Amino acid sequence: GLNQLYAMHYGTVPVVHAVGGLRDTVRHFDGENDGTGWTFERATPDKLQWALGQAIYTYQSHRESFMQVALRACHQDLGWDHAAYLYEQKFYEAKYSH
């Protein structure tokens, strides 16, 4: 979907079910990495509640970290030129890895 892209562009931190394009565009934040939101693997109420809880906890207790997640999400290059470049790099890796 495109909604997470629009949200991140305007600084809204996404909480998403990690499937398809959502998995490709939202990196889970675990408190120490360069995540751009929160994800959950299984589409169950308890997993969604867990991910929302992580986001809310970070917002309430670690505001600076939350703001960094929002800024990373906002500043990602999710345009087609960058995607095509990454795709091309995968071809080079496959070609020259043997």
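As the structure is a prediction and not an experimental result, all values here were calculated from the model. Position 1 is the first residue of the sequence, and the numbers go up from there. Below, each value reflects all heavy atoms present in this structure, side chains not excepted, and no hydrogens, waters or symmetry copies.
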Could you check whether any side-chain N or O of [X] sits under 3.5 Å from a backbone N or O of [Y], counting only pairs where one atom can act as donor and the other as acceptor?
X: H9; Y: L5; result: no
X: H28; Y: G35; result: no
X: T12; Y: M8; result: no
X: T36; Y: R27; result: yes
X: D30; Y: N33; result: yes

request  = Mark yes when over 12 heavy atoms from residues, nucleotides or ligands other than Y59 sit less than 6.0 Å from its OH; otherwise mark no.
outcome  = no

task = Look at atom CD of Q89 and say whether more than 12 heavy atoms of other residues, nucleotides or ligands are closer to it than 6.0 Å.
result = yes

message = Check the orientation of H62 and Y57. Use parallel for under 30°, tilted for 30 to 60°, and perpendicular for over 60°.
response = perpendicular

task = Evaluate the ring planes of F91 and Y87, with Trp represented by its six-membered ring, and classify them as parallel (under 30°), tilted (30 to 60°) or perpendicular (over 60°).
result = perpendicular

Gap separating the [atom1] atom of [X] from the [atom2] atom of [Y], nearest 0.5 angstrom:
X: S65; Y: F29; atom1: OG; atom2: CZ; answer: 4.5 Å
X: E93; Y: K90; atom1: CD; atom2: NZ; answer: 4.5 Å
X: I56; Y: Q49; atom1: CD1; atom2: CD; answer: 9.5 Å
X: L78; Y: H75; atom1: CG; atom2: NE2; answer: 12.5 Å
X: Q68; Y: D34; atom1: CD; atom2: CG; answer: 11.5 Å

What is the minimum heavy-atom distance between [X] and [Y], and which atoms define it?
X: G11; Y: C74; value: N-SG, 4.3 Å
X: A51; Y: V15; value: CB-CG1, 3.7 Å
X: W38; Y: V26; value: N-CG1, 4.3 Å
X: A18; Y: R23; value: O-NH2, 2.5 Å

request  = Report yes or no: do F40 and L22 belong to one cluster of Ile/Leu/Val/Met/Phe/Trp/Tyr joined by side chain heavy-atom distances under 4.5 Å?
outcome  = no

task = Indicate if W50 and L52 have the same hydrophobic cluster label, given that clusters are the connected sets of ILVMFWY residues with side-chain heavy-atom separations under 4.5 angstrom.
result = no

task = Check whether the ring centres of Y10 and Y6 lie less than 6.0 Å apart, and answer yes or no.
result = no

